[in-house]
Amino acid sequence: MPTYTKVLAHLSQPDVADRVHALSHDGAVEFLVLSREDTLRRRLRGTTDKGTEVTIALNRDEQLSDGAVLSLDADKALIVRMSEERWLRLEPRDTDAAIEAGYFAGNLHWRVRFAPGALLIALEGPVEHYLQRIAPLTTSGKVLALQP
Amino acid sequence: MNEKTRLPGVARIGIGGPVGSGKTALVERLIPALKARNIEVAVVANDLVTREDAERIRRSGLIDPARVLAVETGACPHTAIREDPTMNILAVEKLIETFPEVEVILVESGGDNLASTFSLELVDYWLFVIDTSDGDDIPRKKGPGIVRSDILVINKVDLAPYVGANVENMVRDASQVRSGRTVILTNCKTGEGIETLVDQLAHDVLFTA
Ligand SMILES: Nc1nc2c(ncn2[C@@H]2O[C@H](COP(=O)(O)OP(=O)(O)OP(=O)(O)O)[C@@H](O)[C@H]2O)c(=O)[nH]1
Ligand SMILES: [Mg+2]
(Lines give C-alpha, C1' and ligand atoms only; values in the text may rest on other atoms or scores of the structure.)
(Ligands and ions follow the chains in the order given, each with its own letter.)
Protein backbone atom coordinates (compact mmCIF):
# COMPACT_ATOMS: atom_id res chain seq x y z
CA MET A 1 0.00 0.00 0.00
CA PRO A 2 1.39 3.42 -0.90
CA THR A 3 2.30 5.98 1.75
CA TYR A 4 1.93 9.53 0.45
CA THR A 5 4.60 11.81 1.82
CA LYS A 6 4.08 15.11 0.08
CA VAL A 7 1.41 17.59 -0.93
CA LEU A 8 2.47 17.88 -4.55
CA ALA A 9 0.16 20.61 -5.72
CA HIS A 10 -3.24 22.11 -5.20
CA LEU A 11 -6.42 22.07 -7.25
CA SER A 12 -6.45 25.86 -7.11
CA GLN A 13 -3.53 25.85 -9.59
CA PRO A 14 -5.17 26.11 -13.04
CA ASP A 15 -2.75 23.75 -14.81
CA VAL A 16 -3.23 21.16 -12.08
CA ALA A 17 -7.01 21.53 -12.19
CA ASP A 18 -6.90 20.97 -15.98
CA ARG A 19 -4.87 17.80 -15.68
CA VAL A 20 -7.10 16.43 -12.93
CA HIS A 21 -10.19 17.33 -14.93
CA ALA A 22 -8.83 15.47 -17.97
CA LEU A 23 -8.10 12.39 -15.84
CA SER A 24 -11.58 12.50 -14.32
CA HIS A 25 -13.10 11.64 -17.72
CA ASP A 26 -11.40 8.26 -17.48
CA GLY A 27 -12.56 7.83 -13.88
CA ALA A 28 -8.89 7.99 -12.89
CA VAL A 29 -9.26 10.45 -10.01
CA GLU A 30 -9.64 9.18 -6.45
CA PHE A 31 -10.75 11.36 -3.57
CA LEU A 32 -9.87 11.03 0.08
CA VAL A 33 -12.63 12.75 2.05
CA LEU A 34 -11.49 14.06 5.44
CA SER A 35 -13.13 16.04 8.22
CA ARG A 36 -11.72 19.48 9.00
CA GLU A 37 -10.08 17.99 12.11
CA ASP A 38 -8.43 15.15 10.22
CA THR A 39 -6.79 17.56 7.80
CA LEU A 40 -4.75 18.84 10.77
CA ARG A 41 -3.05 15.46 11.17
CA ARG A 42 0.33 14.81 9.58
CA ARG A 43 0.01 11.05 10.00
CA LEU A 44 -3.17 9.46 8.86
CA ARG A 45 -4.65 6.26 7.50
CA GLY A 46 -7.76 6.52 5.37
CA THR A 47 -9.87 5.00 2.63
CA THR A 48 -10.58 6.73 -0.68
CA ASP A 49 -13.96 7.03 -2.36
CA LYS A 50 -12.95 4.03 -4.49
CA GLY A 51 -12.14 1.96 -1.41
CA THR A 52 -8.34 2.13 -1.66
CA GLU A 53 -6.64 2.18 1.72
CA VAL A 54 -3.93 4.84 1.89
CA THR A 55 -1.51 6.15 4.48
CA ILE A 56 -0.14 9.66 4.69
CA ALA A 57 3.05 10.83 6.45
CA LEU A 58 3.92 14.50 6.09
CA ASN A 59 6.61 16.75 7.41
CA ARG A 60 5.56 19.39 9.95
CA ASP A 61 5.75 22.15 7.34
CA GLU A 62 3.13 20.53 5.12
CA GLN A 63 -0.59 20.38 5.67
CA LEU A 64 -3.58 18.70 4.10
CA SER A 65 -6.37 20.90 2.81
CA ASP A 66 -9.37 20.76 0.55
CA GLY A 67 -7.94 20.26 -2.93
CA ALA A 68 -4.50 19.04 -1.85
CA VAL A 69 -3.01 16.79 -4.54
CA LEU A 70 -1.22 13.75 -3.12
CA SER A 71 -0.47 12.07 -6.42
CA LEU A 72 -0.79 13.12 -10.02
CA ASP A 73 0.63 11.19 -12.92
CA ALA A 74 -0.29 10.31 -16.48
CA ASP A 75 -2.97 7.81 -15.55
CA LYS A 76 -4.27 8.67 -12.07
CA ALA A 77 -4.59 11.25 -9.30
CA LEU A 78 -5.38 11.32 -5.58
CA ILE A 79 -7.02 14.44 -4.18
CA VAL A 80 -8.05 15.42 -0.64
CA ARG A 81 -11.59 16.69 -0.16
CA MET A 82 -12.73 18.23 3.09
CA SER A 83 -16.17 17.03 4.18
CA GLU A 84 -18.69 19.78 4.71
CA GLU A 85 -18.92 20.98 8.28
CA ARG A 86 -22.19 20.52 10.13
CA TRP A 87 -23.44 23.13 12.59
CA LEU A 88 -26.05 22.95 15.33
CA ARG A 89 -27.98 26.20 15.45
CA LEU A 90 -28.90 27.56 18.90
CA GLU A 91 -31.45 30.35 19.00
CA PRO A 92 -31.72 31.87 22.49
CA ARG A 93 -35.07 33.25 23.64
CA ASP A 94 -33.67 36.49 25.06
CA THR A 95 -30.47 38.17 26.21
CA ASP A 96 -30.34 36.23 29.48
CA ALA A 97 -30.62 32.94 27.60
CA ALA A 98 -27.98 34.08 25.11
CA ILE A 99 -25.50 34.81 27.88
CA GLU A 100 -26.18 31.43 29.41
CA ALA A 101 -25.82 29.62 26.08
CA GLY A 102 -22.54 31.41 25.40
CA TYR A 103 -21.20 30.48 28.81
CA PHE A 104 -22.33 26.88 28.33
CA ALA A 105 -20.70 26.48 24.93
CA GLY A 106 -17.46 28.03 26.16
CA ASN A 107 -17.38 25.83 29.20
CA LEU A 108 -17.71 22.74 27.01
CA HIS A 109 -15.03 24.08 24.67
CA TRP A 110 -17.33 23.84 21.70
CA ARG A 111 -16.12 25.48 18.53
CA VAL A 112 -18.63 28.19 17.64
CA ARG A 113 -19.59 30.68 14.99
CA PHE A 114 -21.92 33.62 15.38
CA ALA A 115 -24.92 34.27 13.18
CA PRO A 116 -27.59 36.94 13.51
CA GLY A 117 -29.69 35.87 16.50
CA ALA A 118 -27.97 32.50 16.81
CA LEU A 119 -24.93 30.66 18.07
CA LEU A 120 -23.66 27.94 15.72
CA ILE A 121 -21.90 24.92 17.23
CA ALA A 122 -19.52 22.88 15.08
CA LEU A 123 -20.55 19.22 15.25
CA GLU A 124 -17.46 17.11 15.68
CA GLY A 125 -19.39 14.02 16.77
CA PRO A 126 -22.96 12.66 16.80
CA VAL A 127 -25.52 15.49 17.18
CA GLU A 128 -27.25 13.52 19.99
CA HIS A 129 -24.22 14.07 22.25
CA TYR A 130 -24.56 17.82 21.81
CA LEU A 131 -28.33 17.80 22.28
CA GLN A 132 -27.99 15.83 25.51
CA ARG A 133 -25.51 18.37 26.87
CA ILE A 134 -27.61 21.35 25.94
CA ALA A 135 -30.84 19.71 27.22
CA PRO A 136 -31.11 21.90 30.36
CA LEU A 137 -31.34 24.95 28.12
CA THR A 138 -33.64 23.48 25.48
CA THR A 139 -36.11 21.72 27.77
CA SER A 140 -36.56 24.90 29.79
CA GLY A 141 -37.40 26.72 26.56
CA LYS A 142 -34.52 29.15 26.93
CA VAL A 143 -32.86 27.98 23.75
CA LEU A 144 -34.19 26.47 20.55
CA ALA A 145 -31.81 23.94 18.98
CA LEU A 146 -32.08 23.43 15.22
CA GLN A 147 -30.27 20.47 13.70
CA PRO A 148 -28.46 20.77 10.39
CA MET B 1 22.36 -3.10 10.42
CA ASN B 2 20.07 -2.34 7.52
CA GLU B 3 19.26 1.27 6.90
CA LYS B 4 15.52 1.44 7.42
CA THR B 5 13.39 3.57 5.15
CA ARG B 6 12.38 6.61 7.16
CA LEU B 7 9.04 8.29 6.66
CA PRO B 8 9.03 12.09 6.72
CA GLY B 9 8.08 13.77 9.98
CA VAL B 10 7.63 12.27 13.40
CA ALA B 11 4.55 10.49 14.70
CA ARG B 12 3.30 12.60 17.60
CA ILE B 13 1.07 10.59 19.92
CA GLY B 14 -0.92 12.18 22.75
CA ILE B 15 -1.77 10.36 25.97
CA GLY B 16 -4.54 11.97 28.02
CA GLY B 17 -6.90 10.92 30.76
CA PRO B 18 -8.02 11.56 34.33
CA VAL B 19 -5.60 11.96 37.24
CA GLY B 20 -3.91 8.71 38.21
CA SER B 21 -5.40 6.51 35.46
CA GLY B 22 -1.93 5.24 34.52
CA LYS B 23 -0.69 7.60 31.78
CA THR B 24 2.92 7.65 33.01
CA ALA B 25 2.81 3.91 33.68
CA LEU B 26 1.67 3.46 30.08
CA VAL B 27 4.50 5.66 28.78
CA GLU B 28 6.92 3.50 30.80
CA ARG B 29 5.50 0.43 29.07
CA LEU B 30 5.42 1.94 25.58
CA ILE B 31 9.07 3.07 25.60
CA PRO B 32 10.58 -0.45 25.79
CA ALA B 33 7.84 -1.94 23.58
CA LEU B 34 8.59 0.59 20.82
CA LYS B 35 12.35 0.20 21.27
CA ALA B 36 11.96 -3.56 20.86
CA ARG B 37 10.53 -2.80 17.42
CA ASN B 38 13.51 -0.62 16.58
CA ILE B 39 11.52 2.60 16.88
CA GLU B 40 13.27 5.65 18.33
CA VAL B 41 11.21 7.39 21.05
CA ALA B 42 11.17 10.71 22.91
CA VAL B 43 8.71 12.00 25.53
CA VAL B 44 7.08 15.25 26.60
CA ALA B 45 5.45 15.02 30.04
CA ASN B 46 3.01 17.67 31.29
CA ASP B 47 2.48 18.36 34.97
CA LEU B 48 0.57 21.05 36.81
CA VAL B 49 3.27 22.79 38.80
CA THR B 50 6.03 20.22 39.12
CA ARG B 51 8.19 18.12 36.83
CA GLU B 52 7.39 14.96 38.69
CA ASP B 53 6.38 12.76 35.75
CA ALA B 54 9.26 13.85 33.52
CA GLU B 55 11.69 13.20 36.38
CA ARG B 56 10.17 9.79 37.01
CA ILE B 57 10.53 8.79 33.35
CA ARG B 58 14.10 10.14 33.23
CA ARG B 59 15.03 8.09 36.27
CA SER B 60 13.36 4.95 34.93
CA GLY B 61 16.47 3.92 33.02
CA LEU B 62 14.27 3.11 30.03
CA ILE B 63 15.32 6.08 27.94
CA ASP B 64 18.12 8.63 27.53
CA PRO B 65 17.02 11.27 30.11
CA ALA B 66 17.77 14.05 27.61
CA ARG B 67 14.97 12.69 25.43
CA VAL B 68 12.38 13.55 28.09
CA LEU B 69 11.14 17.13 28.36
CA ALA B 70 8.88 18.52 31.06
CA VAL B 71 6.15 21.08 30.45
CA GLU B 72 4.61 22.81 33.46
CA THR B 73 1.07 23.68 32.53
CA GLY B 74 0.03 25.81 35.48
CA ALA B 75 -3.67 25.81 36.18
CA CYS B 76 -5.56 23.94 33.45
CA PRO B 77 -3.88 20.89 31.98
CA HIS B 78 -6.29 20.78 29.03
CA THR B 79 -5.42 24.31 27.94
CA ALA B 80 -1.86 23.18 27.23
CA ILE B 81 -2.97 20.38 24.94
CA ARG B 82 -5.87 22.07 23.19
CA GLU B 83 -6.61 25.80 23.36
CA ASP B 84 -3.01 26.90 23.51
CA PRO B 85 -0.62 24.04 22.87
CA THR B 86 2.30 26.40 22.16
CA MET B 87 4.48 25.20 25.05
CA ASN B 88 4.00 21.60 24.04
CA ILE B 89 4.57 22.30 20.35
CA LEU B 90 7.86 24.01 21.25
CA ALA B 91 8.92 21.04 23.37
CA VAL B 92 8.11 18.64 20.52
CA GLU B 93 10.05 20.78 18.06
CA LYS B 94 13.02 20.97 20.39
CA LEU B 95 13.12 17.18 20.64
CA ILE B 96 12.89 16.81 16.85
CA GLU B 97 15.73 19.28 16.42
CA THR B 98 17.98 17.74 19.06
CA PHE B 99 17.27 14.13 18.15
CA PRO B 100 16.67 13.90 14.39
CA GLU B 101 16.63 10.10 14.66
CA VAL B 102 13.48 10.15 16.80
CA GLU B 103 10.44 8.66 15.04
CA VAL B 104 7.79 8.85 17.77
CA ILE B 105 7.13 11.49 20.39
CA LEU B 106 4.76 10.60 23.21
CA VAL B 107 3.05 13.62 24.79
CA GLU B 108 1.60 12.85 28.24
CA SER B 109 -0.98 15.39 29.31
CA GLY B 110 -1.43 16.39 32.93
CA GLY B 111 -4.19 14.46 34.68
CA ASP B 112 -7.53 16.06 33.89
CA ASN B 113 -11.19 15.18 33.59
CA LEU B 114 -13.21 13.31 30.99
CA ALA B 115 -13.63 16.40 28.85
CA SER B 116 -10.03 16.82 27.82
CA THR B 117 -9.11 16.34 24.18
CA PHE B 118 -5.90 16.97 22.22
CA SER B 119 -5.48 19.56 19.51
CA LEU B 120 -4.51 17.85 16.26
CA GLU B 121 -2.09 20.71 15.76
CA LEU B 122 -0.07 19.25 18.62
CA VAL B 123 -0.45 15.52 17.99
CA ASP B 124 -1.37 13.37 15.00
CA TYR B 125 -3.14 10.78 17.08
CA TRP B 126 -4.14 10.42 20.72
CA LEU B 127 -5.05 7.90 23.36
CA PHE B 128 -7.33 8.46 26.30
CA VAL B 129 -6.54 6.38 29.37
CA ILE B 130 -9.19 5.60 31.97
CA ASP B 131 -9.03 2.82 34.55
CA THR B 132 -11.46 0.29 35.94
CA SER B 133 -11.45 1.92 39.36
CA ASP B 134 -12.90 5.15 37.92
CA GLY B 135 -16.22 3.29 37.99
CA ASP B 136 -17.62 1.08 35.26
CA ASP B 137 -20.30 3.60 34.30
CA ILE B 138 -17.63 6.04 33.11
CA PRO B 139 -17.83 5.15 29.37
CA ARG B 140 -21.59 5.75 29.38
CA LYS B 141 -21.02 9.33 30.52
CA LYS B 142 -19.69 10.19 27.07
CA GLY B 143 -16.91 12.56 28.02
CA PRO B 144 -15.28 14.00 24.88
CA GLY B 145 -12.01 12.23 25.76
CA ILE B 146 -13.82 8.91 25.76
CA VAL B 147 -15.84 9.58 22.63
CA ARG B 148 -13.26 11.26 20.42
CA SER B 149 -9.87 9.74 21.20
CA ASP B 150 -8.35 7.54 18.50
CA ILE B 151 -7.90 4.73 21.01
CA LEU B 152 -9.58 4.38 24.39
CA VAL B 153 -7.35 2.50 26.82
CA ILE B 154 -9.05 0.94 29.86
CA ASN B 155 -6.17 0.39 32.28
CA LYS B 156 -5.84 -1.45 35.60
CA VAL B 157 -7.91 -4.42 34.48
CA ASP B 158 -6.29 -6.25 37.41
CA LEU B 159 -8.18 -4.01 39.84
CA ALA B 160 -11.63 -4.62 38.33
CA PRO B 161 -12.58 -7.48 40.70
CA TYR B 162 -11.63 -5.41 43.76
CA VAL B 163 -13.67 -2.37 42.83
CA GLY B 164 -16.61 -4.36 41.46
CA ALA B 165 -16.16 -3.08 37.92
CA ASN B 166 -17.63 -5.12 35.09
CA VAL B 167 -15.00 -4.86 32.35
CA GLU B 168 -17.19 -6.42 29.66
CA ASN B 169 -19.84 -3.77 30.27
CA MET B 170 -17.22 -1.02 30.16
CA VAL B 171 -15.95 -2.26 26.79
CA ARG B 172 -19.46 -2.65 25.41
CA ASP B 173 -20.57 0.83 26.51
CA ALA B 174 -17.32 2.40 25.33
CA SER B 175 -17.56 0.77 21.90
CA GLN B 176 -21.11 2.00 21.62
CA VAL B 177 -20.41 5.67 22.43
CA ARG B 178 -17.31 5.49 20.21
CA SER B 179 -19.23 4.05 17.25
CA GLY B 180 -17.06 0.95 17.31
CA ARG B 181 -13.65 2.63 17.34
CA THR B 182 -10.77 0.88 19.10
CA VAL B 183 -10.91 0.10 22.84
CA ILE B 184 -7.92 -1.70 24.39
CA LEU B 185 -7.64 -3.24 27.86
CA THR B 186 -4.32 -2.98 29.69
CA ASN B 187 -2.59 -3.79 32.92
CA CYS B 188 0.50 -1.61 33.19
CA LYS B 189 1.74 -3.59 36.18
CA THR B 190 2.21 -6.73 34.07
CA GLY B 191 2.33 -5.36 30.52
CA GLU B 192 -0.88 -7.12 29.51
CA GLY B 193 -2.41 -5.48 26.43
CA ILE B 194 0.68 -3.42 25.56
CA GLU B 195 1.60 -5.44 22.46
CA THR B 196 -1.97 -5.14 21.19
CA LEU B 197 -1.76 -1.38 21.71
CA VAL B 198 1.59 -1.10 19.91
CA ASP B 199 0.24 -3.21 17.02
CA GLN B 200 -2.61 -0.74 16.69
CA LEU B 201 -0.24 2.26 16.78
CA ALA B 202 1.98 0.56 14.19
CA HIS B 203 -1.05 0.15 11.94
CA ASP B 204 -2.63 3.57 12.47
CA VAL B 205 0.29 6.04 12.75
CA LEU B 206 3.69 4.41 12.64
CA PHE B 207 3.00 2.52 9.40
CA THR B 208 5.46 -0.20 10.27
CA ALA B 209 2.81 -2.91 10.00
N1 LIG C 1 -2.93 -2.16 39.83
C2 LIG C 1 -2.54 -1.34 38.86
N3 LIG C 1 -2.00 -0.14 39.19
C4 LIG C 1 -1.60 0.65 38.19
C5 LIG C 1 -1.73 0.31 36.81
N6 LIG C 1 -1.27 1.32 36.06
C7 LIG C 1 -0.85 2.27 36.92
N8 LIG C 1 -1.04 1.87 38.19
C9 LIG C 1 -0.75 2.64 39.44
O10 LIG C 1 -1.64 3.75 39.47
C11 LIG C 1 -0.99 4.89 40.06
C12 LIG C 1 -1.03 6.07 39.10
O13 LIG C 1 -0.28 5.75 37.94
P14 LIG C 1 0.41 6.87 37.05
O15 LIG C 1 1.05 6.19 35.90
O16 LIG C 1 1.24 7.76 37.88
O17 LIG C 1 -0.89 7.65 36.60
P18 LIG C 1 -0.97 9.01 35.75
O19 LIG C 1 -2.22 8.90 34.92
O20 LIG C 1 0.29 9.24 35.03
O21 LIG C 1 -1.16 10.08 36.89
P22 LIG C 1 -1.10 11.70 36.75
O23 LIG C 1 -0.05 12.00 35.73
O24 LIG C 1 -0.77 12.17 38.11
O25 LIG C 1 -2.47 12.10 36.31
C26 LIG C 1 0.42 4.45 40.38
O27 LIG C 1 0.46 4.06 41.73
C28 LIG C 1 0.63 3.24 39.47
O29 LIG C 1 1.56 2.33 39.97
C30 LIG C 1 -2.32 -0.98 36.51
O31 LIG C 1 -2.50 -1.36 35.35
N32 LIG C 1 -2.71 -1.73 37.57
MG1 LIG D 1 1.46 10.96 34.96
Side-chain angles (χ1 to χ4, degrees), chain A residues 1-8 34-47 52-65 68 70-71 80 82-83 85-86 88 103-112 121-135, chain B residues 5-14 76 78-79 81-85 89 92-93 95-97 100 103-105 112-126 140-150 176-179 181-182 200-209:
Chain A
M1 181 189 36
T3 296
Y4 296 93
T5 56
K6 262 195 150 349
V7 176
L8 301 174
L34 300 175
S35 67
R36 172 191 165 277
E37 276 217 281
D38 281 341
T39 60
L40 296 172
R41 299 182 203 251
R42 263 81 177 190
R43 288 279 178 114
L44 177 70
R45 180 183 281 269
T47 308
T52 313
E53 221 182 316
V54 297
T55 52
I56 297 170
L58 301 177
N59 260 320
R60 287 273 293 143
D61 55 6
E62 298 211 66
Q63 201 184 321
L64 298 171
S65 60
L70 295 177
S71 90
V80 172
M82 193 147 47
S83 55
E85 282 212 87
R86 293 159 58 246
L88 176 66
Y103 171 81
F104 206 86
N107 208 18
L108 290 168
H109 301 288
W110 285 345
R111 198 156 50 80
V112 302
I121 312 289
L123 294 175
E124 293 172 341
V127 69
E128 297 77 45
H129 294 183
Y130 290 79
L131 292 173
Q132 278 166 12
R133 290 292 166 119
I134 204 83
Chain B
T5 47
R6 207 24 245 267
L7 289 170
V10 170
R12 299 159 303 156
I13 301 176
C76 285
H78 56 257
T79 307
I81 58 165
R82 188 183 43 215
E83 286 81 13
D84 182 11
I89 289 174
V92 165
E93 276 167 7
L95 285 170
I96 295 174
E97 223 168 86
E103 300 163 275
V104 181
I105 297 181
D112 206 333
N113 56 36
L114 298 176
S116 63
T117 59
F118 273 89
S119 159
L120 291 175
E121 270 157 86
L122 171 62
V123 297
D124 302 296
Y125 191 91
W126 57 285
R140 279 205 301 277
K141 295 184 180 164
K142 297 189 185 138
I146 287 170
V147 175
R148 290 169 54 188
S149 51
D150 294 302
Q176 202 177 358
V177 300
R178 291 170 55 75
S179 318
R181 278 152 54 244
T182 312
Q200 192 71 42
L201 294 177
H203 177 267
D204 290 352
V205 270
L206 307 176
F207 307 150
T208 52

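By convention in this document, chain letters (A, B, ...) are assigned in the order of the sequence lines, proteins followed by strands, and residues within each chain are numbered from 1.
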Side chain to side chain, B/Leu7 and A/Arg43, heavy atoms closer than 4.5 Å: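 A side-chain contact under 4.5 Å exists here.
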How close do [X] and [Y] get, heavy atom to heavy atom, and via which atoms?
X	Y	answer
A/Arg41	B/Asp150	NH1-OD2, 2.9 Å
A/Ala57	B/Pro8	O-CG, 3.3 Å
A/Arg60	B/Glu121	NH1-O, 3.6 Å

Proximity breakdown for [X] and chain B, heavy-atom pairs closer than 4.5 Å:
X	answer
A/Thr5	both
A/Leu44	backbone
A/Glu124	both

Best-contacting candidate, A/Thr39, A/Asn59, A/Ile56, against chain B by heavy atom pairs under 4.5 angstrom: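 Looking at each option in turn, the highest pair count goes to A/Asn59.
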Winner by heavy-atom pair count (cut-off under 4.5 Å) against chain A, out of B/Lys142, B/Glu93, B/His78: B/Lys142
Chain A contact via [X] - side chain, backbone, both or neither, heavy atoms under 4.5 Å:
X	value
B/Val10	backbone
B/Val147	side chain
B/Ile13	neither

If you round to the nearest 0.5 Å, how far is [atom2] of [Y] from [atom1] of [X]?
X	Y	atom1	atom2	answer
A/Asp38	B/Leu120	CG	CG	7.0 Å
A/His129	B/Arg148	NE2	CZ	11.0 Å
B/Asp204	A/Thr55	CG	OG1	11.0 Å

A/Glu53, CD: over 12 other non-hydrogen atoms inside 6.0 angstrom: yes
Neighbour count >12 (heavy atoms, 6.0 Å) for atom CD, B/Glu83: yes
Test item: B/Asp124 side-chain N/O and A/Arg42 main-chain N/O as donor-acceptor pair under 3.5 Å: yes
Donor-acceptor under 3.5 Å (A/Arg45 side chain, B/His203 main chain):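 Yes, because the side chain of A/Arg45 sits within donor-acceptor range (under 3.5 Å) of the backbone of B/His203.
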